[in-house]
Amino acid sequence: MSFPPSAEPLADVKRVLGVFAHPDDVDFGGGGTVARWVTGGIEVAYLIVTRGDAGGFDNTPREQMPVLRESEQRAAAAELGVRDVTFLDGYLDGRLTPTIELRRDIARVLRRVRPDRVLTSSPLRRWERIAGPSHPDHLAVGEATTCAVYPDARNEFAFPELLAEGLEPWVVREIWYQAGPKPDHVVDVTDTFPAKLAALHRHTTQTSHMDVEPMLRERMALTAKAGGLPEGRLAEAFTIIRTE
Ligand SMILES: [Zn+2]
């Protein structure tokens, strides 16, 4: 199973919602692209399903981890110009599955934010690289978000409790998947790379023990080259699916 070729991105997007499993997911895979959207006048909001309570690398007391990671993600979002950051309660890092409850909770935020475009993790596994991108939580959030886009957010008879909360149905027109197999839509983020790097440095509990800049430069230069961009450029890559 793989994605079809990407659709052309919509030209009239006003709002984007990024839906991710953990603090730092959006910054590693799509931070440069988010910064470009914000610079271009698009409003971006995030929905983060867990507070990354299973993250970290040192002896930071475990009960502090979710608190630290929430504040790190809010600071990282601010580096890219994103101010609307919602965290769900009741979901634990490492234990996500695309449940009906998770679909409803994502659909609730879709109906509130009313995005034209959703950015999320790929629900399809990259078999050539099991670690990192294909974390089971990422796959689960990609699947639950896709179900929330269709049919949950747009069907007035799905989750009647949302309508009772005053949340009208909403049609998301496009999904951008991050970190999936063979992404074919390449975004030149050379100009926003410093903002992406600043955002990643905000995730101290995750990145302070590694030198992220050379690692990212190497990976993003390869992505740029594969996408046919000129020498010296840096890129992020996605799969775009129309969902109208
Ligand atoms: Zn993650």
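Note that ligands are numbered from 1 as they come in the structure, with each ligand's atoms numbered from 1 the same way. FYI, side chains are in, hydrogens and waters are out, and symmetry mates aren't considered; it's all heavy atoms of this structure.
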Handout entry: Presence of N, O or S from Asp25 under 2.8 Å of the Zn ion (ligand 1)
Key = yes
Completion exercise
Closest to the Zn ion (ligand 1), among the N/O/S atoms of His22, is atom ND1
Practice task
May I have the step-by-step check of ring pair (Phe, Tyr, Trp, His ring centres under 6.0 Å) for Phe57 and His209, ending in yes or no?
Solution key: CA-CA 8 Å; Phe57 60 89; His209 63 308; 3.8 Å; yes
Handout entry: Min side-chain heavy-atom separation Leu110-Val172 under 4.5 Å
Key = yes
Exercise for the section: Could you tell me whether the Zn ion (ligand 1) has an N, O or S atom of His135 under 2.8 Å away? Expected result: no
Practice task
Test side chain to side chain donor-acceptor pair (under 3.5 Å) on Thr205 and Glu72 and set out the steps.
Solution key: CA-CA 8 Å; Thr205 60; Glu72 289 172 357; 2.9 Å; yes
Exercise for the section: State, to 0.1 Å, how close His185 and Pro9 come at their nearest heavy-atom pair, and which atoms those are. Expected result: CE1-CG, 3.6 Å
